**Student:** 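Below you'll find the structure I mean.
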Protein chains: 2
Amino acid sequence: MTESAGLLWGLGEQGRPALTVQRIAAAGIGLADEAGLAAVSMQQVAGRLDVTKMALYRHVVNKAELLAVMIEIAVGAPPELTADGWRAKLTQWALLMRETWQRHPWLPEATVGSRAMGPREIGWTEAAVAALGGTGLTGAQRMDAVFLLSGHIRNTQATSGTQPWTRDKRLNEQIAAHGDRFPALVAATDDAADADPDSSWEFGLARIFDGLELLIQA
Amino acid sequence: MTESAGLLWGLGEQGRPALTVQRIAAAGIGLADEAGLAAVSMQQVAGRLDVTKMALYRHVVNKAELLAVMIEIAVGAPPELTADGWRAKLTQWALLMRETWQRHPWLPEATVGSRAMGPREIGWTEAAVAALGGTGLTGAQRMDAVFLLSGHIRNTQATSGTQPWTRDKRLNEQIAAHGDRFPALVAATDDAADADPDSSWEFGLARIFDGLELLIQA
DNA sequence: ACACACCTGTGTCCGCCGGACACTTCGGTG
DNA sequence: CACCGAAGTGTCCGGCGGACACAGGTGTGT
């Protein structure tokens with residue numbers, strides 16, 4: 001009685017809404033969205049919740065687990081692919097995944113290496129592999145195709161996977177400065193000067209799909 | 001006189017061969033090769049040279065510069081592509097780059113993000129772009145093609161870029177445990193159980209080259 | 001011959017990191 | 001009322017990158 005009365009009365013000005021894994025992960029995601037993955041330290045996350053860093057260790061066993069929960073929450077529920085045909089389905093899938101990764105630019109960086117994957121993350125892979133269902137590809141080929149595609153998505157995500165020499169100012173300067181040593185690069189970059197900055201994404205996607213189509217038709 | 005005599009006499013047991021950027025970078029590379037990029041700290045590198053960590057800062061301005069020098073030395077001189085035709089040339093290029101990255105498994109991890117590239121590293125890109133010289137592709141397309149290809153190399157390099165769900169034991173266990181939720185994955189992995197572990201590499205390479213060939217012929 | 005400047009390496013200090021461990025505090029139950 | 005377990009805290013540790021002042025030797029101008 002007394003305690004439930006206390007809870008009721010306390011509800012209004014409840015200063016501390018009780019620490020949960022969800023709230024901790026949300027704080028970490030917010031931090032990563034704003035300041036990058038490197039800014040996610042136990043103290044920063046704790047500070048954002050007005051709590052000592054050690055309090056977090058009551059809810060996550062270590063930083064890796066916090067990261068895992070952050071990823072699982074940030075990727076969100078896997079999509080339903082409504083388009084017709086594997087190519088349209090995979091295009092839809094790639095765009096959705098790209099959107100998600102653009103909303104959380106630290107995701108590519110955080111999802112490298114061997115680690116525990118949550119059900120939502122696996123669900124995304126499931127959706128892509130399922131899209132290749134009626135194509136006649138073997139299981140290994142379907143897995144490899146999804147791997148190839150998602151690798152490309154990761155690589156064209158600016159924050160982490162990207163090769164710096166696509167639109168890198170410093171690189172272009174260096175190429176120009178030592179043009180005699182890199183004639184092919186000078187020619188290519190001159191020609192590419194006013195190209196769509198998103199071209200690598202669409203270019204790669206088209207090549208991959210064309211290559212897959214050739215295999216499927218054979 | 002005295003000092004040259006001292007130098008001569010000292011030559012035999014010259015305890016300290018003088019710190020240079022090359023020696024420092026070599027120590028860093030050795031460390032990274034053996035224990036991974038994470039093991040490369042200023043103190044560890046210094047310890048390997050029997051020197052205080054602060055001594056290193058006389059030769060490199062900060063850790064990022066040390067990393068840059070390590071990369072430039074580790075990638076080595078760019079190759080001469082002797083094969084005939086763009087496809088054979090790029091295959092040769094990809095294999096050589098893959099060899100280099102296998103010799104230094106930390107390279108993929110170290111070469112992400114925006115950073116200063118050295119002449120040797122740029123030279124590798126030059127070689128690949130040059131291989132696409134007579135194909136009729138525009139400059140932007142040649143750059144995008146090389147970007148796509150080298151992204152695939154990075155992604156299939158086990159240490160960093162790889163998606164864990166290719167041959168990950170834990171993942172396969174989880175798929176099996178919750179098979180009802182991931183029917184397409186169950187089917188695909190069952191079928192792929194005894195596949196070549198290197199299949200993703202060759203699969204992706206073939207798809208990319210096929211896609212490029214289609215574009216070049218058009 | 002001497003003083004000076006420079007170059008190389010060192011010691012001390014700082015703030016930040018992840019994390020182990022022992023503690024308080026408090027609410028619910030016997 | 002006594003107890004227990006859960007939640008949050010404080011203290012400490014080793015390691016990290018790096019700023020800064022300093023020591024020692026060596027070459028050079030006077």
Side-chain angles (χ1 to χ4, degrees), chain A residues 1-11 13-25 27-28 31-32 35-70 106 109-110 113 115, chain B residues 1-11 13-28 31-32 35-70 106 109-110 113 115-116:
Chain A
M1 176 56 131
T2 44
E3 73 284 352
S4 48
L7 187 72
L8 288 175
W9 283 101
L11 264 184
E13 70 277 11
Q14 190 89 4
R16 276 171 200 250
L19 226 42
T20 62
V21 185
Q22 284 75 20
R23 285 191 62 232
I24 295 175
L31 213 47
L37 195 62
V40 179
S41 76
M42 296 307 267
Q43 348 217 23
Q44 294 299 314
V45 173
R48 188 169 265 241
L49 298 168
D50 273 322
V51 136
T52 321
K53 73 169 177 176
M54 290 318 294
L56 307 183
Y57 283 97
R58 288 281 165 197
H59 304 267
V60 294
V61 48
N62 55 26
K63 193 185 177 183
E65 185 176 291
L66 169 57
L67 260 291
V69 177
M70 284 172 55
W106 48 274
E109 189 177 348
R115 43 190 195 79
Chain B
M1 180 45 137
T2 44
E3 73 283 354
S4 49
L7 186 71
L8 288 176
W9 283 102
L11 265 185
E13 70 276 10
Q14 190 89 3
R16 277 175 198 243
L19 226 43
T20 62
V21 185
Q22 284 75 19
R23 285 192 61 232
I24 295 175
L31 213 46
L37 195 60
V40 179
S41 77
M42 296 307 268
Q43 347 216 25
Q44 294 300 312
V45 173
R48 189 169 265 240
L49 299 167
D50 273 322
V51 137
T52 321
K53 73 169 178 176
M54 290 320 293
L56 308 183
Y57 283 97
R58 288 284 167 197
H59 305 266
V60 294
V61 47
N62 55 25
K63 194 185 176 181
E65 186 176 291
L66 169 57
L67 261 292
V69 177
M70 282 172 55
W106 48 275
E109 189 178 348
R115 39 186 199 83

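Predicted model, so just to flag it, every value in this text is computed and none were measured. Here is how names work: the chains are called A, B, and so on, in the same order as the sequence lines, proteins then strands, and each is numbered from 1.
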**Student:** Expressed as a whole number of angstroms, how long is the span from B:L56:CG to C:dG9:P?
**Tutor:**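 My rounded result for the distance is 9 Å.
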
**Student:** How far does CE of B:M42 sit from CE of B:M54, to the nearest 0.5 angstrom?
**Tutor:**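 Reported value, rounded in 0.5 Å steps: 8.0 Å.
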
**Student:** Has the side chain of B:K53 got a donor or acceptor that lies under 3.5 Å from a partner of the other kind on the base of D:dG17?
**Tutor:** yes

**Student:** In whole Å, what is the span from the OH atom of B:Y57 to the P atom of D:dA21?
**Tutor:** 17 Å

**Student:** Who pairs with B:Q22 by side chain to side chain contact (heavy atoms under 4.5 Å, CB included), at least two apart in sequence or on another chain?
**Tutor:**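 Here the qualifying residues are B:T20.
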
**Student:** What is the distance from atom CH2 of A:W106 to atom CG of A:L31, rounded to the nearest 0.5 Å?
**Tutor:**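 Reported to 0.5 Å precision, the distance equals 10.5 Å.
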
**Student:** Without decimals, in angstroms, what is the distance between A:L19 CG and D:dT9 P?
**Tutor:**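 These atoms are roughly 8 Å apart.
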
**Student:** Given D:dG17, C:dG19, C:dT8, which nucleotide is nearest the side-chain atoms of A:K63?
**Tutor:** C:dG19

**Student:** Please work out which residues in residues 38-46 of chain A have a non-hydrogen atom less than 4.0 Å from an atom of DNA chain C and list them by number.
**Tutor:**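 Hits under 4.0 Å, by residue number: A:V40, A:S41, A:M42, A:Q43, A:Q44.
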
**Student:** Between CZ of B:R58 and CG of B:L19, what distance do you get to the nearest 0.5 Å?
**Tutor:** 11.5 Å

**Student:** Are any of A:H59's side-chain N or O atoms less than 4.0 Å away from OP1 or OP2 of D:dA6?
**Tutor:** no

**Student:** Rounded to the Å, how far apart are A:L37 CG and C:dC17 P?
**Tutor:**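 Answer to the nearest Å: 13 Å.
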
**Student:** To the closest 0.5 Å, what do you measure between NZ (B:K63) and CE (B:M70)?
**Tutor:**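 Between B:K63 NZ and B:M70 CE, I get 9.0 Å after rounding to 0.5 Å.
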
**Student:** Map B:A55 and A:R58 onto DNA chain C by nearest heavy atom, then report which one ends up closer to the 5' terminus.
**Tutor:**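 With B:A55 and A:R58 compared, the 5'-side residue is B:A55.
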
**Student:** Drop me the distance from A:Y57's OH to A:T52's OG1, to the nearest 0.5 angstrom.
**Tutor:** 12.5 Å

**Student:** Can you figure out which of C:dG18, C:dT10, C:dG9 approaches the side chain of B:T52 most closely?
**Tutor:** C:dT10

**Student:** Send over the distance from B:L67 CG to D:dC16 C1', rounded to a whole Å.
**Tutor:**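 Taking CG of B:L67 and C1' of D:dC16, I get 14 Å after rounding.
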
**Student:** Can you measure B:M54 atom CE to C:dT12 atom P for me and round it to whole angstrom units?
**Tutor:** 13 Å

**Student:** What is the distance from atom CD of A:E109 to atom CG of A:L37, rounded to the nearest 0.5 Å?
**Tutor:**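 So the gap between those two atoms works out to 5.0 Å.
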
